[in-house]
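The structure appears below as structure tokens.
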4 protein chains.
Amino acid sequence: MGEMDWRNFEQDSLPPLLRCAVKTFVAHGYHGTSTRTLARAAGLSLPGLYYHFASKHAIIVAIMDLAMDDLWRRSLAAHAEAGDDVVLQLGLHIQCLALFHAHRRELAFLASTELRSLEPEAQARSIAARDRQEYLLIDILRLGATRGAFDVADASQLARALITMCTGISQWFSTAGPLSPGSIANDYVRYAQRLVGLV
Amino acid sequence: MGEMDWRNFEQDSLPPLLRCAVKTFVAHGYHGTSTRTLARAAGLSLPGLYYHFASKHAIIVAIMDLAMDDLWRRSLAAHAEAGDDVVLQLGLHIQCLALFHAHRRELAFLASTELRSLEPEAQARSIAARDRQEYLLIDILRLGATRGAFDVADASQLARALITMCTGISQWFSTAGPLSPGSIANDYVRYAQRLVGLV
Amino acid sequence: MGEMDWRNFEQDSLPPLLRCAVKTFVAHGYHGTSTRTLARAAGLSLPGLYYHFASKHAIIVAIMDLAMDDLWRRSLAAHAEAGDDVVLQLGLHIQCLALFHAHRRELAFLASTELRSLEPEAQARSIAARDRQEYLLIDILRLGATRGAFDVADASQLARALITMCTGISQWFSTAGPLSPGSIANDYVRYAQRLVGLV
Amino acid sequence: MGEMDWRNFEQDSLPPLLRCAVKTFVAHGYHGTSTRTLARAAGLSLPGLYYHFASKHAIIVAIMDLAMDDLWRRSLAAHAEAGDDVVLQLGLHIQCLALFHAHRRELAFLASTELRSLEPEAQARSIAARDRQEYLLIDILRLGATRGAFDVADASQLARALITMCTGISQWFSTAGPLSPGSIANDYVRYAQRLVGLV
DNA sequence: TATGAATGAGCGTTCATTCAT
DNA sequence: TATGAATGAACGCTCATTCAT
């Protein structure tokens with residue numbers, strides 16, 4: 001895990017059934033998608049779907065878990081690469097968030113959108129994962145403030161602003177558009193640096 | 001309209017049925033909410049609901065239209081108050097967005113969340129309203145850049161970042177929390193100023 | 001309740017929907033009957049069925065409760081009529097059981113057949129009602145033995161034999177057959193008297 | 001066949017798959033048991049089940065046929081042992097029925113419970129077997145009445161009472177209880193003798 | 001023999017909506 | 001205005017069964 005290439009999004013690790021489900025859930029939402037629609041999208045019969053997953057809910061849970069886990073592992077790898085330099089920590093963290101939301105647009109969109117559709121246990125797990133992500137950024141902001149590198153009054157408020165900003169990418173990014181994930185990530189890193197008073 | 005007090009959120013103009021509907025849609029989503037649930041939440045019988053609205057869809061449409069219209073009128077009023085000062089234009093615009101997303105938390109949340117649940121015609125209308133909002137901010141950013149007041153490379157990208165940042169408020173703001181809408185708005189104005197290179 | 005006419009089976013107190021359900025459940029069993037079949041038998045659409053009952057299970061529960069309650073109230077009335085004469089107590093009790101299983105053939109059949117199809121709570125209630133019935137007879141047998149009127153070694157074993165004997169009526173009785181409920185009941189009373197050593 | 005030891009229930013002739021099926025059918029009924037449940041109970045995969053039996057229905061049919069055949073052969077052997085003594089004929093017949101319903105509790109329970117779950121052809125066969133059993137007892141009762149040994153008015157009614165009485169054993173008998181099959185059978189023989197006016 | 005993977009049909013239930021009153 | 005009663009269509013899911021391997 002330590003040697004993970006967190007900037008590499010070439011192979012999509014999702015099994016094909018889940019990839020179809022992601023597309024369909026993004027288009028119509030969890031409650032707006034029927035199991036028949038999911039099955040058709042995956043080229044399966046309805047019972048075929050249930051052979052692979054115990055329930056509709058199990059499908060969205062698998063998606064959420066994979067999404068949160070993927071982002072978390074990339075974030076840790078980025079953090080490790082940054083070493084002790086807090087400015088670099090912030091830069092790589094935002095770069096990681098932005099790349100993830102651009103490259104894994106649909107997955108990231110679901111992860112932030114369908115939290116409320118989960119049943120209690122899975123919801124608690126996903127919320128914990130989301131909070132874990134948030135605290136990673138808050139810690140960076142606080143460290144930078146402590147060291148005098150950042151001008152940050154309320155770290156948790158700013159963290160939320162930064163995170164929603166990046167989340168937004170998954171709402172409008174299109175591979176057909178003029179911007180590449182890399183250039184977007186660079187821009188967002190600069191945004192973040194301005195927000196903490198650098199630059 | 002020109003003399004509207006865009007900072008005043010005292011009276012909630014929503015009729016009680018719609019207010020109940022907003023709460024329920026926020027909790028479970030449009031497709032996750034049944035008409036029975038809506039009727040029960042509003043203290044009505046099912047046919048009673050249909051006396052007031054032609055369909056479930058008509059309810060979410062009314063909500064979306066009211067939300068977009070309220071924000072739009074406040075935005076115009078803020079813009080008028082700012083006059084020709086582009087820094088003030090940006091400040092009041094962001095203040096207006098932030099106040100709206102804090103004071104009209106649930107309404108704003110629905111407006112950004114349930115776009116995909118609308119039928120084509122209503123969806124087109126809401127998307128147009130969303131874009132209109134976005135262009136208002138883009139124009140401000142471009143004007144500031146033209147005048148040399150702002151350091152903005154890609155105005156539309158930054159506008160989206162600013163807007164999603166503010167949208168985020170509606171996801172985590174709570175009246176029970178330590179922050180008032182006013183102080184949040186002030187903070188977000190400062191964020192915006194930093195993002196355009198002021199401060 | 002004390003003045004109930006326990007020999008009178010003229011009016012069937014079941015609402016029409018339940019009467020249809022009884023017939024269908026008798027023919028195919030609870031698990032062998034679909035809600036669509038029930039609805040069709042009752043001349044309703046499927047949601048129409050669910051307007052009156054919360055679930056398929058609620059229907060069988062209503063039937064079981066009505067059956068057990070009806071038999072119990074008749075049994076108490078018969079017991080009251082018998083006064084302190086233990087021979088009469090036995091006679092009227094068996095007469096009551098036999099009349100019930102002949103006149104309420106299908107209802108009685110379900111009550112003894114579908115116990116295992118009930119969910120735990122309802123099952124416990126029905127089992128308690130069945131046991132209550134059984135203990136009423138056991139007490140009569142024990143009283144008769146104590147007073148030297150009956151020659152009974154194992155009262156609870158004999159009670160079960162008597163009860164299953166009567167239960168059997170609901171399996172073969174037909175109003176088209178040559179025997180009337182009244183004559184059957186008389187015969188079964190004589191069976192019971194022989195079994196306790198009278199006659 | 002004539003030298004069969006009809007009192008011996010030591011070895012259960014059922015193949016293991018059928019024995020598991022009997023247990024499951026008794027617990028949940030034929031329609032309440034899925035083929036998946038059957039396969040799991042037998043430690044087989046679903047296609048493994050279908051290797052041994054052509055269908056779910058074929059399983060219950062095999063069970064019913066074995067049950068009816070076993071009881072029939074024992075009844076004939078008991079009858080042969082009794083010779084021409086009609087009192088002994090009745091005694092051994094009832095002993096045979098009681099022993100069977102206690103020793104083959106579950107099998108006997110299914111035979112009387114799941115008749116309605118069979119498809120027409122198999123159902124007709126099982127009903128014929130049941131009637132054949134019944135006529136054997138009716139004939140004994142009539143013979144006893146003709147010879148003046150029994151005081152029986154309606155032989156077929158009494159036969160049904162006796163048979164359901166014995167059938168009841170399979171509903172409440174437990175090997176963990178205080179009574180042995182043998183003592184139960186003795187008691188039921190005495191019941192029968194009383195019912196025909198002996199003793 | 002044995003099983004992973006699949007399916008058409010049907011399950012119990014709920015959906016948004018309507019209508020007679 | 002208001003509602004008890006109803007419905008066609010669809011929901012999530014499971015049924016008994018099959019087939020390629």
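Order of the sequence lines fixes the chain letters, A, B, ..., with proteins taken first and strands second; residue numbering starts at 1 for each chain.
- Residues that satisfy the salt bridge (Lys or Arg N to Asp or Glu O under 4.0 Å) test with D:Arg132, not counting sequence neighbours, are absent from this structure.
- B:Arg36 contributes atom CZ, which lies 14.0 Å from atom CG of B:Leu44 (distance to the nearest 0.5 angstrom).
- Sorted by first then second residue, the side chain to side chain donor-acceptor pair (under 3.5 Å) pairs that include residues 23-35 of chain A, not counting sequence neighbours, are A:Lys23-A:Glu106, A:Ser34-A:Thr37.
- Annotation: side chain to side chain donor-acceptor pair (under 3.5 Å) contacts involving residues 46-65 of chain A, sequence neighbours excluded, comprise A:Asp65-A:Arg125.
- Under the 4.5 Å side-chain criterion, counting only non-hydrogen atoms from C-beta, C:Phe25 is not in contact with C:Thr113.
- In this structure, C:Ser126 contributes its side chain and C:Gln123 its backbone to no donor-acceptor pair below 3.5 Å.
- Within residues 53-67 of chain D, no residue has a heavy atom under 4.0 Å from DNA chain E.
- Each of A:Tyr50 and C:Leu44 was assigned the nucleotide of DNA chain F with the nearest heavy atom; the assignment lying further toward the 5' end belongs to C:Leu44.
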Give the C-alpha distance, both sets of side-chain angles, the deciding distance and a yes or no for side-chain contact (heavy atoms from CB on, under 4.5 Å) between B:Leu17 and B:Leu49. CA-CA 9 Å; B:Leu17 194 163; B:Leu49 193 78; 4.1 Å; yes
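- The stretch residues 19-28 of chain C does not touch DNA chain F, since none of its heavy atoms comes less than 4.0 Å from the strand.
- Among the atoms of the strands shown, none is found under 4.0 Å from any heavy atom of C:Thr37.
- Put simply, chain A comes within 4.0 Å of DNA chain E, heavy atom to any atom, from E:dG4 to E:dG10, going 5' to 3'.
- Listed here is the closest heavy atom pair of A:Ala108 and A:Phe100: CB-CE2, 3.8 Å.
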Please list, for nucleotides 8-10 of chain F, all pairs of protein and nucleotide N/O atoms separated by less than 3.5 Å.
residue: F:dA10; atom: N6; partner: C:Arg36; partner atom: NH2; Å: 3.4

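- The residue among A:Gly48 and C:Thr33 whose nearest nucleotide of DNA chain E lies closer to the 5′ end is A:Gly48.
- For C:Arg19, the salt bridge (Lys or Arg N to Asp or Glu O under 4.0 Å) test picks out C:Asp12, with sequence neighbours left out.
- In the displayed structure, D:Gln11 atom CD is contacted under 6.0 Å by more than 12 heavy atoms of other residues, nucleotides or ligands.
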Which dot-bracket notation, 5' to 3', represents the base pairing of DNA chain E when pairs are defined as Watson-Crick or G-U with both distances under 3.5 Å, crossing pairs as [ ], and inter-strand pairs as |? .||||||||||||||||||||
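- Between A:Met68 and A:Arg130, the shortest heavy-atom contact is CE-N, 3.3 Å.
- Identified under the salt bridge (Lys or Arg N to Asp or Glu O under 4.0 Å) test for residues 38-50 of chain C, with sequence neighbours left out: none.
- Looking at residues two or more places apart in sequence or on another chain, you find a side-chain contact (heavy atoms from CB on, under 4.5 Å) between C:Asp69 and C:Arg73.
- The minimum heavy-atom distance linking D:Phe53 with D:Ala62 is given by the pair CE2-CB, 3.9 Å.
- Atom CZ of A:Arg40 is separated from atom C1' of F:dC11 by 13 Å (rounded to the nearest Å).
- Every salt bridge (Lys or Arg N to Asp or Glu O under 4.0 Å) that D:Arg116 has, sequence neighbours left out, goes to C:Glu114.
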